[in-house]
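What follows is a set of notes on a single structure, which appears directly below.
Starting from 1, each residue takes its place in the sequence as its number. We use all heavy atoms of the structure for the numbers below, so side chains are in, but hydrogens, waters and symmetry mates are not. Whatever order the structure lists ligands and atoms in, that order sets their numbers, starting from 1.
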Amino acid sequence: MTVAVLGSGAFGTALAISLAGNGPVTLWARSAEQAARMETDRENALRLPGVALPETLTVTHSLEIATQARIILLAIPMQKLRTALQDHADLLASHTLVACCKGMELNTGLGPIAVISETLPSAIPALLTGPSFAHDIARGLPTALTLACADANQSATLQQELTTANLRLYRTTDTAGAELGGALKNVMAIACGAVMGAGLGDSARAALMTRGYAEMQRMALALGAQPETMAGLSGFGDLALTCTSEQSRNYRLGLSIGRGEQFDPSITVEGAATARAVAAKAQAMKLDMPITQSVTDLLDQTLTLTDAMAQLLARPLKEE
Ligand SMILES: NC(=O)C1=CN([C@@H]2O[C@H](COP(=O)(O)OP(=O)(O)OC[C@H]3O[C@@H](n4cnc5c(N)ncnc54)[C@H](OP(=O)(O)O)[C@@H]3O)[C@@H](O)[C@H]2O)C=CC1
Ligand SMILES: O=C(CO)COP(=O)(O)O
């Protein structure tokens with residue numbers, strides 16, 4: 001067995017299903033009860049209902065079994081990643097660890113690659129990111145993703161090993177660009193959901209996506225990312241998907257804000273914590289990121305959507 005997936009949420013399960021087409025895969029669930037239920041039902045009824053688990057996919061609660069694989073995909077939310085790595089440092093320290101989360105750590109402003117490097121310095125960190133919904137991948141629909149690893153040889157090897165019949169992987173060594181694209185687009189998806197929920201129209205959304213992309217580039221390029229990465233699957237591609245689909249939980253959180261409705265706090269919405277982390281980082285770096293700041297203020301309920309839109313429209317006129 002070459003590959004295991006830690007985290008049996010929607011995305012981890014979907015990736016494991018797709019990878020199982022290449023050969024045996026282990027999916028690790030932190031709850032023994034959930035692992036047992038999935039093995040019995042051959043379905044992840046909790047997070048990815050309606051998709052059968054293939055025979056080559058084994059679900060386990062044993063991390064000793066899962067870490068027999070050389071490549072470990074970490075399908076754990078960004079804000080939980082550090083704790084998960086610290087809790088299991090002894091078993092993960094020498095593996096190739098491919099983070100599958102999108103976000104920026106709230107207290108440190110770090111992305112997943114830096115969190116892996118800080119926590120487990122002898123592991124090889126990589127990132128799998130790009131426009132993809134768990135249900136699409138699990139149903140075998142065609143999807144293209146970015147595999148980022150600072151080491152060019154590792155990047156090429158991982159690209160080969162993690163490509164499947166329906167997952168086409170592109171590779172890059174620009175880990176900063178890949179992780180910032182995935183983190184920042186979720187903030188813009190919340191903003192787009194909010195304007196659509198409030199009925200402000202498709203034109204307002206297009207404006208937010210475009211000016212949001214300008215903010216994404218502003219921060220990413222200042223942090224050393226390549227413009228080509230931002231224009232690729234992990235940046236522009238994922239922005240386009242997440243800002244336009246009700247499959248996105250970030251977009252749906254925005255919709256609920258725009259409609260003045262409650263949103264289930266148990267749902268994973270990476271953009272909420274990330275908006276706060278990005279706004280703090282932007283302030284520290286003296287970067288102008290008004291949409292990100294508005295999303296943070298909306299989430300903190302210190303600004304109404306009406307006032308947020310009025311403020312954005314009243315900003316000084318400038319060159320594009
Ligand atoms: N869903 C999607 O379509 C996509 C998701 N992603 C990204 O994948 C990441 C995970 O999202 P997703 O799978 O959808 O989220 P889910 O909410 O469906 O699942 C999260 C999973 O993480 C597990 N988990 C939480 N904390 C820990 C911890 N400390 N240690 C171990 N496991 C933990 C949860 O376990 P438990 O059930 O026990 O709580 C659960 O299995 C996010 O960063 C998201 O942005 C990327 C692309 C697409
Ligand atoms: O990252 C995703 C699509 O690429 C999933 O989006 P959500 O986390 O908003 O559901």
* Please say whether Ser248 places an N or O atom under 3.5 Å from an N or O atom belonging to ligand 2. =>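 Yes; the residue has a nitrogen or oxygen that sits under 3.5 Å from a nitrogen or oxygen of the ligand.
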With nothing but distance in play, are any N or O atoms of Thr242 less than 3.5 Å from an N or O of ligand 2?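 N/O-N/O distance below 3.5 Å does not exist for this pair.
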Q. What residues form a salt bridge (Lys or Arg N to Asp or Glu O under 4.0 Å) with Arg218, not counting sequence neighbours?
A.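 Checked Arg218 against salt bridge (Lys or Arg N to Asp or Glu O under 4.0 Å); zero matches.
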key: Partners passing salt bridge (Lys or Arg N to Asp or Glu O under 4.0 Å) against Arg259 (at least two apart in sequence or in another chain)   =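 Salt bridge (Lys or Arg N to Asp or Glu O under 4.0 Å) list for Arg259, sorted by chain: empty.
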Pairing of [X] and [Y] as salt bridge, 4.0 angstrom limit:
X      : Y     : value
Glu105 : Arg82 : yes
Arg42  : Glu55 : no
Arg37  : Glu33 : yes

Show which atoms of ligand 2 fall inside a sub-4.0 Å distance from at least one heavy-atom site of Lys102.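 Near Lys102, the atoms of ligand 2 are 1 (O), 2 (C), 3 (C), 4 (O).
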Open item on the list: Within the 4.0 Å heavy-atom shell around Pro131, which atoms of ligand 2 are there?
Closed with: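 Answer for ligand 2: 4 (O).
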Identify the protein heavy atom lying closest to [atom], giving its residue, its atom name and the separation to 0.1 Å.
atom                   : answer
atom 4 (O) of ligand 2 : Asp238 OD1, 2.6 Å
atom 8 (O) of ligand 2 : Arg249 NH2, 3.0 Å
atom 3 (C) of ligand 2 : Ser132 O, 3.1 Å

N or O contacts of ligand 1 with protein under 3.5 Å, please list pair by pair.
unit_1, atom_1, unit_2, atom_2, d
ligand 1, 1 (N), Arg249, NH2, 3.1
ligand 1, 3 (O), Ala134, N, 2.8
ligand 1, 8 (O), Cys100, O, 3.3
ligand 1, 13 (O), Ala10, N, 3.3
ligand 1, 13 (O), Phe11, N, 2.9
ligand 1, 14 (O), Arg249, NH1, 2.7
ligand 1, 14 (O), Arg249, NH2, 3.0
ligand 1, 17 (O), Arg47, NH1, 3.2
ligand 1, 17 (O), Thr268, OG1, 2.5
ligand 1, 18 (O), Ala10, N, 2.9
ligand 1, 35 (O), Arg30, NE, 3.3
ligand 1, 37 (O), Arg47, NH2, 2.7
ligand 1, 38 (O), Arg30, NE, 2.8
ligand 1, 39 (O), Arg30, NH2, 3.0
ligand 1, 39 (O), Arg47, NH2, 3.2
ligand 1, 41 (O), Ser8, N, 3.4
ligand 1, 41 (O), Gly9, N, 3.0
ligand 1, 43 (O), Lys102, N, 3.1
ligand 1, 43 (O), Glu270, OE2, 2.5

CZ of Phe133: more than 12 outside heavy atoms within 6.0 angstrom?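 Yes, the 6.0 Å shell around CZ holds more than 12 heavy atoms from other groups.
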*Scan for side-chain hydrogen bond (donor to acceptor under 3.5 Å, both in side chains) pairs involving residues 188-201, sequence neighbours excluded, and state none if there are none.*
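Every pair satisfying side-chain hydrogen bond (donor to acceptor under 3.5 Å, both in side chains) with a residue in residues 188-201: there are none.
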- Message: One residue to check: Leu241. Relative to ligand 2, which of side chain, backbone, both or neither has a non-hydrogen atom less than 4.0 Å away?
- Response: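 Side chain only.
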Please round to the nearest 0.5 Å and tell me the distance separating atom CG of Leu147 and atom OG1 of Thr163.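 Answer for the CG-OG1 pair, Leu147 versus Thr163, is 7.5 Å.
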Margin query: Is the ring pair His61/Trp28 parallel, tilted or perpendicular, if the boundaries are 30 and 60 degrees?
Written below: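 The rings of His61 and Trp28 lie parallel, inter-plane angle below 30°.
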